[in-house]
Amino acid sequence: MTKMTDKIFEVLEATWPAAAQVEAGPWTLREGRGGGKRVSAATLNGVWAPEDLGAAESAMRLMGQDPLFQIRPGEEALDAALAERGYELVDTTHLWVAPIGQFVDRKLPRVTAFTIWEPLEIMKEIWAEGGITEARLRVMDRCKLQKTSMFGRVSDRPGGAGFCALYEGTAMVHALEVREEHRGKGMAGWLMRAAGLWAERKGAHQMAVACTQANVAANALYASLGMELVGQYHYRILKDPEGDLS
């Protein structure tokens, strides 16, 4: 991994924290409690051997989770071993980064987007419509860093919501959601700019976001905002009949 990509993985973990995590042999194991793959996946943190995979799988099952690994750049041997064990590749995800200046060059139109913490109930409704569950809202609550949520309006109607937290000079946006009837109207861009203005006031020097490769519209948005694709990761999941497919 490059130094930049390595840094963004640190930011990703700090700004979207697992409920619990433990170092076990060559793995970092996470307990997600329904908060999604990012907070549930095991990651490699040392030299591993094939026999180490079974121990990691057992530990994840004891947590009530399906065996799930996040595969980062340079981990091709682990990726191949998991594929051979029957793990499915899911959710290839892009990492985007840009200097904070990309987001503070325009004044926000009045009552279009603003930052607030705690989130309003209407924002929780918007997130719920987009599949961002109560368990993911608890991830936001767990984050102890400087953080905010973004709320957007279109034609004086609630249009979108997002979450942003700051770690060591990098502000990372999560859970960016725009209501279906307001998509294509520039709402997501204004929410990103609202986050950027907040982050600049807090001393951030860059913005980052992770976005699944399948979300073509969102990736196009980040490219249009001048963000640079600095890396990617994906998951390998072994689906158990009675596991938690988080």
Point-to-point distance, once rounded to the nearest 0.5 Å, from CG of L82 to CD of E88: 12.5 Å

Ion pair D6/R72, N-O distance below 4.0 Å: no

Approximate separation, where rounding is to 0.5 Å, of H174 NE2 and T15 OG1: 3.0 Å

Ring centre gap for Y87 and Y235 strictly below 6.0 Å: no

Of D79, L53, L238, the residue whose pairing with F69 passes side-chain contact (heavy atoms from CB on, under 4.5 Å): L53

Distance in Å, M192 CE paired with F103 CZ, rounded so as to fall on 0.5 Å steps: 4.5 Å

N215-H94 side chain donor-acceptor pair, cut-off 3.5 Å: no

Lys/Arg N to Asp/Glu carboxylate O, K124 vs E121, below 4.0 Å: yes

Aromatic ring pairing W48/W27, orientation class (parallel under 30°, perpendicular over 60°, tilted between): tilted

4.5 Å side-chain heavy-atom contact, Q146 and W117: no

Salt bridge present between R157 and E181 (N-O < 4.0 angstrom): no

E23 CD: over 12 foreign heavy atoms closer than 6.0 Å: yes

SB check E177 R183 (cutoff 4.0 Å): yes

Spacing of CZ belonging to R236 relative to CG belonging to L78, to within rounding of 0.5 Å: 9.5 Å

